[in-house]
Amino acid sequence: MPETTDSQSSATAVADAPAVAAAAPGLRKEGEKARSLRSDAWHDLSRKPMFYISGLLILFLIVISIWPGLIASGNPLSCDLAKSQMGPTSGHPFGFDTQGCDVYTRTVYGARASVSVGIFSTLGVAVLGSLLGGLAGFFGGWWDAVLSRISDIFFGIPILLGGVVFLSVVKGGTVTTVSVFMVLLGWPQIARIARGAVITAKQQDYVQAARALGASNTRMLLRHIAPNALAPIIVVATIALGTYISLEATLSFLGVGLKPPAVSWGIDISQASSQIRNAPHMLLWPAGALSLTVLAFIMLGDAVRDALDPKLR
Amino acid sequence: MGRYVIRRLLQMIPVFIGSTFLIFFMVYALGDPVAALFGEKAPDPATAAQIRHDLYLDHSLGAQYLHYMKNIFVGDFGTAFNGEPVLTLMGDAFPITIRLTIVAIIFEIIIGILLGVITGMRRGKPVDTGVLLLTLVVISVPTFVTGYVLQYVFGVELKWTSPSVSPSAPFNELILPGLVLALVSLAYVTRLTRTSIAENTRADYVRTAVAKGLPRHRVIIRHLLRNSLIPVVTFIGTDIGALMGGAIVTERIFNIHGVGYQLYQGILRNNAPTVVGFVTILVLVFLLANLLVDLLYAVLDPRIRYA
């Protein structure tokens, strides 16, 4: 069935890696020289400049989203209409927006919304998706059939469309509502991958051996299957993080995501977009910050995928 | 083949029902279409009840959904709250968005696959690294930013094209919006083709084709490309739904009165019949596109047979 090719190909990538077996903690003794996937991946990552660049950028973003005051002393909500759309002046390097707010301060404070939506949604999607998909793959049967059909249904709705409809009727406009929506519509993506990875791992000899030795389901899942099915989930989740940030900004831009007085790059870009002819600086700074953030997460995801997916080496 | 298509069509039915019910639930159960008619003011209870009765909203959600679906199958998508039948709105909007999507997909196919082949054949060379970095940048910049920037540069500063599209939206005015809509997917197509080509260049059949003395373009087009296209076709097929949904952003920037525009207006004004009707059609398009992709596999790879 062509439908399953996707999960199969990512699953075979795991099966192809003999080192994966050794990644399970406590199982490492069998081959002294064979490095585990984890140390192999780390070795690969530590030689990549892209990993360091994106890692540093992300670290910086996380720090300023927790303590924005570190690099911006002003208040993003204190604005002076007299300075509306003014260009850069000393102390205000990015100029002012239509309301006379300092663009630099708002750009710095905007990081918090984007980064938290990205991280919360990804965590939620990864936990829910791998739990549901993994259990479906492990137990099979009617639960698997039902879950596959449910994820088909969620796949039938393009995510941006679903987001605009859902968020316009829920009317929350906070980081929580936006993240909850992303988890609601995003989990089937991870669930499919987790299901495929678990099914492949389930058929491996060492799992059969554990079963023959009388290991309980819990033990097999936690000790043997989970560590080996984790790699493809991590890869997809890291790349998805960047997409969620971009999606949050798009939803805020359309007026259904975060709402003022929340400070978000999407809102600022939306408000600046009608003034692009008069004051392009209002658009370019938040847009640049947003793009750089998404770029950092996608670059990290790329580097992690290259390291974890042995098929691509 | 025929039996496979029928089986797939049957499998689509529960998914179609599930997806449309989900949208129906969001619009009619989570939102309140009647309250939306009255704006900020609280509606007169008797009037609201009468409207609810007229719109079949005084029944249970399941009954409302069945009533709605029954009407759809005789071509009645209901009436938008401004009195226009939703079907008329669709007749105006869909041709425009379909044209926009076609332009976007042509960009994806021509530029995306071409760049993918070039970079895949020259893996690790400067061209490859350059294009790869470019695709990363393109993926990272959200559509609404590229949209405004390209509109400003090509429409306002250089005046190569008009910054907004006329109501009839002919193909030549849709080139820039189509490119904007396609950009992110185009970068994905490039990357997918590149990986796929790079994997297959080492395949035995490529070596055989070269050893037979076939000219290079024939090896690339007939042997290498055809075998490398399967993941790309999958992506483009599933992308059709995303493109038509993503047109919300592009159509807003370039003021195109297509599906995205109507949907956006419908959502802003809580115009329930418009929203549910348009989304239902989009879900159907998405499902059919996926079926088409699976059938295309058999064309690309003769080893795949559907019994």
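Letters A, B, ... are given to chains in the order of the sequence lines, protein chains preceding strands, and every chain is numbered from 1.
For a residue to count as touching a neighbouring chain, one of its non-hydrogen atoms must lie under 4.5 Å from one of that chain's; by this rule B/Ile17 does not touch chain A. For a residue to count as touching a neighbouring chain, one of its non-hydrogen atoms must lie under 4.5 Å from one of that chain's; by this rule B/Leu263 touches chain A with the side chain only. Contact annotation for B/Tyr152: only side-chain heavy atoms (C-beta onward) come within less than 4.5 Å of a heavy atom of chain A. Residue B/Leu22 touches chain A through its side chain alone, counting heavy-atom pairs closer than 4.5 Å. Only the side chain of A/Ile269 has a heavy atom closer than 4.5 Å to any heavy atom of chain B. Using a 4.5 Å cut-off between heavy atoms, B/Val275 touches chain A through its side chain atoms alone. Interface remark: B/Tyr264 contributes side-chain atoms only to the contact with chain A (heavy atom separation under 4.5 Å). With a 4.5 Å cut-off on non-hydrogen atoms, B/Val141 touches chain A through its backbone and its side chain both. Only the side chain of A/Leu160 comes within less than 4.5 Å of a heavy atom in chain B; its backbone stays farther off.
Of the residues A/Val165, A/Leu254, A/Leu167, the one that meets the side chain to side chain contact (heavy atoms under 4.5 Å, CB included) test with B/Ile267 is A/Val165. Checked options B/Phe24, B/Phe25, B/Phe21; the residue passing with B/Tyr68 is B/Phe24 (criterion: ring-ring contact (aromatic ring centres under 6.0 Å, His included)).
No donor-acceptor pair under 3.5 Å is formed between the side chain of B/Ser19 and the backbone N or O of B/Phe16. Side-chain atoms of B/Ser196 do not come within 3.5 Å of backbone N or O of B/Thr193 as any donor-acceptor pair. A distance-only check finds no donor-acceptor pair linking the side chain of B/Asp239 to the backbone of B/Phe235 [under 3.5 Å]. Side-chain N or O atoms of A/Ser114 include none that pairs as donor or acceptor with a backbone N or O of A/Ala111 at under 3.5 Å. The main-chain N or O of A/Ser65 is found under 3.5 Å from a side-chain atom of A/Arg112 such that the two form a donor-acceptor pair. In this structure a side-chain-to-backbone donor-acceptor pair under 3.5 Å is missing from A/Ser121 to A/Val183.
Ranking A/Thr293, A/Leu290, A/Ile159 against chain B, the residue ahead of the rest is A/Leu290, based on heavy-atom pairs under 4.5 Å. Note on B/Leu287, B/Val249, B/Thr143: by heavy-atom pairs under 4.5 Å with chain A, the leading option is B/Val249.
When ring centroids are compared, B/Phe278 and B/Phe94 come within the 6.0 Å threshold.
In this structure, B/Thr146 has no side chain to side chain donor-acceptor pair (under 3.5 Å) partners at least two apart in sequence or on a different chain.
Of all residues in residues 245-253 of chain A, those placing a non-hydrogen atom less than 4.5 angstrom from a non-hydrogen atom of chain B are A/Ser246, A/Ala249, A/Thr250, A/Phe253.
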Run the side-chain hydrogen bond (donor to acceptor under 3.5 Å, both in side chains) test on B/Glu251 and B/Thr97 for me, step by step, so that the C-alpha distance in whole Å, both residues' side-chain angles and the decisive distance to 0.1 Å come before the verdict. CA-CA 9 Å; B/Glu251 291 187 357; B/Thr97 299; 2.7 Å; yes
